[in-house]
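One structure coming up, written as structure tokens, with questions to follow.
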Amino acid sequence: KNCLILALDVTDRENALRIANEVSEYVDSIKVGYPLVLGEGLGIVKELAELAPVIADFKVADIPNTDRLICEHVFNAGADAIITHGFTGRDSLDSCVKVAEEYDRDVYVVTEMSHPGGVEFFRPVAETIAQMAADAGATGVVAPATRPERVRDIRKIIGDDLHIISPGVGAQGGSAADVINAGADWVIVGRSIYNSDSPADAAMRICNEMKC
Ligand code: BMP
């Protein structure tokens with residue numbers, strides 16, 4: 001385990017595959033979201049899945065039936081996991097968890113987002129969402145590397161059974177080592193890797209810093 005997830009927010013296939021190939025030995029999974037999938041189509045998931053498990057970051061946030069349809073598409077496309085919001089409520093989350101169980105895939109739930117605005121609306125509900133993720137049988141939660149103290153708070157709520165994946169390292173100011181020490185299982189890193197002259201070196205440095 002490297003404790004590192006690549007956030008592959010480049011928008012074209014050629015760069016995506018080049019960077020994914022370069023860093024594949026340092027990352028445990030590749031997170032793809034709207035920037036790449038809207039640029040290249042959902043087919044890119046299958047291509048990347050040959051290099052590493054793919055986490056589909058669609059921040060699903062809809063009624064249960066629509067969530068179900070989205071999850072089915074994403075898992076049929078070859079994604080290993082999906083990221084969903086939690087603020088839409090337990091029934092919506094249950095719908096994603098049910099599809100994930102049918103496909104034997106993973107579900108991660110956003111608790112509090114890493115950017116400055118992430119405290120405005122998420123702060124009062126982050127703990128409740130974390131508890132709901134645990135109750136619903138999600139695989140884990142997304143919590144901010146920009147605020148390791150919040151990762152510590154959320155770890156206390158979910159216990160050791162759920163995973164914490166944590167974005168906000170590097171470009172957003174968070175430290176990989178600090179958030180791993182605070183209880184995250186994986187850091188999610190995008191720009192510091194894919195904008196580097198040597199993505200492989202950048203990924204290796206982050207792995208060395210975490211020593212995990
Ligand atoms: P970067 O390392 O370039 O800041 O990228 C972080 C990635 O994690 C982006 O894909 C972003 O959409 C995602 N993300 C985040 O930064 N904060 C969150 O709270 C949740 C996210 O999914």
Side-chain angles (χ1 to χ4, degrees), residues 2-12 15-16 19-20 23 26-40 44-45 48 52 54-61 70 74 79-88 96 106-127 129-130 133 138-151 153-155 163-180 182-197 199 202-203 205-207 209-210:
N2 287 312
C3 301
L4 179 60
I5 297 169
L6 170 67
L8 196 49
D9 293 324
V10 297
T11 52
D12 70 287
N15 266 322
I19 293 163
V23 306
Y26 300 109
V27 303
D28 295 322
S29 5
I30 300 171
K31 182 178 84 65
V32 303
Y34 294 111
L36 181 55
V37 168
L38 293 178
E40 290 293 353
I44 192 73
V45 168
L48 291 168
V54 171
I55 301 175
D57 179 6
F58 292 127
K59 298 200 177 66
V60 184
I70 295 168
V74 163
D80 207 65
I82 192 154
I83 295 178
T84 175
H85 269 304
F87 62 74
T88 41
C96 288
D106 292 328
V107 176
Y108 291 94
V109 185
V110 176
T111 56
E112 176 177 304
M113 292 191 72
S114 60
H115 60 309
V119 298
E120 284 177 35
F121 298 102
F122 284 105
R123 176 56 60 86
V125 294
E127 272 100 343
I129 292 174
T139 313
V141 300
V142 183
T146 47
R147 295 178 215 104
E149 73 283 4
R150 295 297 285 154
V151 170
D153 293 342
I154 285 163
R155 174 57 79 198
H163 298 309
I164 298 180
I165 61 176
S166 187
V169 166
Q172 295 180 50
S175 144
D178 288 355
V179 76
I180 292 291
D185 297 288
W186 281 275
V187 295
I188 299 171
V189 184
R191 285 165 288 178
S192 301
I193 295 175
Y194 66 72
N195 282 340
S196 163
D197 289 338
R205 276 196 300 274
I206 296 164
C207 288
E209 187 198 323
M210 292 188 289

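Predicted model only: the values in this text are computed from it and were never measured. Just follow the structure's listing: the first ligand is 1, and inside any ligand the first atom is 1.
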- Taking all non-hydrogen atoms of both residues into account, name the closest pair between Ser29 and Ile55 and its distance.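 Looking at all heavy atoms of both residues, the closest pair is OG-CD1, 3.9 Å.
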
- Taking only heavy atoms of Asp57, which atoms of ligand 1 are found under 4.0 Å from at least one of them?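 In order of number, 22 (O).
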
- Numbering the atoms of ligand 1 from 1, which are under 4.0 Å from a heavy atom of Met113?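 Those atoms are 18 (C), 19 (O), 20 (C).
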
- Which pair of heavy atoms, one from Ala20 and one from Leu8, lies closest together, and at what distance?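 Ala20 and Leu8 have their closest heavy atoms at CB-CD2, 4.2 Å.
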
- Determine the sole option in Thr11, Asp12, Leu48 for which the side chain to side chain contact (heavy atoms under 4.5 Å, CB included) test with Leu36 is passed.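 For Leu36, the side chain to side chain contact (heavy atoms under 4.5 Å, CB included) test succeeds with only one of Thr11, Asp12, Leu48, which is Leu48.
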
- What residue and heavy atom of the protein are closest to atom 19 (O) of ligand 1, and at what distance?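 Checked against all protein heavy atoms, atom 19 (O) of ligand 1 sits closest to Ser114 N, 2.9 Å.
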
- Query: Considering only the protein, which heavy-atom contact is closest to atom 2 (O) of ligand 1, and what is its distance?
  - Reply: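 Ranked first by proximity to atom 2 (O) of ligand 1 is Gly190 N, 2.8 Å.
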
- Looking only at heavy atoms, what is the nearest atom pair of Ala203 and Tyr26, with distance?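 Scanning both residues completely, I find the closest heavy atoms to be CB-CB, 3.8 Å.
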
- Should we say atom CZ of Phe121 is surrounded by more than 12 heavy atoms from elsewhere, each under 6.0 Å from it?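 Check fails, neighbour count at 12 or below.
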
- Heavy-atom check, side chain of Phe87 versus side chain of Val125, under 4.5 Å: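 Not touching, per the 4.5 Å side-chain cut-off.
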
- Task: Between His115 and ligand 1, find which residue part has any heavy-atom pair under 4.0 Å and reply side chain, backbone, both or neither.
- Result: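 For His115, there is no contact with ligand 1 at all, from either part.
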
- Item | Location of contacts on Pro167 toward ligand 1, heavy atoms closer than 4.0 Å |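 It is the side chain that gets close, since no backbone atom is under 4.0 Å.
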
- What distance do Lys31 atom NZ and Ile165 atom CD1 have between them, rounded to the nearest 0.5 Å?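 Rounded to the nearest 0.5 Å, the NZ-CD1 separation comes out at 8.0 Å.
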
- Query: With a cut-off of 4.0 Å, which atoms of ligand 1 are near a heavy atom of Val189?
  - Reply: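 Checking each atom against Val189, I get 2 (O).
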
- Item | Taking atom 13 (C) of ligand 1 as the reference point, the nearest protein heavy atom with its distance |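 Looking only at protein heavy atoms, the one closest to atom 13 (C) of ligand 1 is Lys31 NZ, 3.6 Å.
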
- Query: Should the ring pair His85 and Phe122 be called parallel, tilted or perpendicular, given that the plane angle runs from 0 to 90° and is split at 30 and 60?
  - Reply: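 Correct class here is parallel.
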
- Item | Sub-4.0 Å atoms of ligand 1 with respect to non-hydrogen atoms of Ala7 |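 Going through ligand 1 atom by atom, the ones under 4.0 Å from Ala7 are 7 (C), 10 (O).
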
- Item | Atom of Val189, atom of Ser192 and distance for their closest heavy-atom approach |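 Looking at all heavy atoms of both residues, the closest pair is CG1-CB, 3.8 Å.
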
- What atoms of ligand 1 come within less than 4.0 Å of a heavy atom belonging to Asp9?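 This gives 9 (C), 10 (O) as the contact atoms.
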
- Item | atom 6 (C) of ligand 1 - nearest protein heavy atom and its distance |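 Nearest protein contact, heavy atoms only, for atom 6 (C) of ligand 1 is Gln172 NE2, 3.7 Å.
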
- Message: One residue to check: Arg191. Relative to ligand 1, which of side chain, backbone, both or neither has a non-hydrogen atom less than 4.0 Å away?
- Response: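 Under 4.0 Å from ligand 1, Arg191 contributes backbone and side-chain atoms.
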
- Query: Quick one: does Val110 get within less than 4.0 Å of ligand 1, heavy atoms only?
  - Reply: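 The answer is no: ligand 1 sits nowhere under 4.0 Å from a heavy atom of Val110.
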
- Does Lys59 reach ligand 1, in the sense of a heavy atom lying below 4.0 Å from it?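 Yes, that is the case, since the closest heavy atom of the residue is under 4.0 Å from the ligand.
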
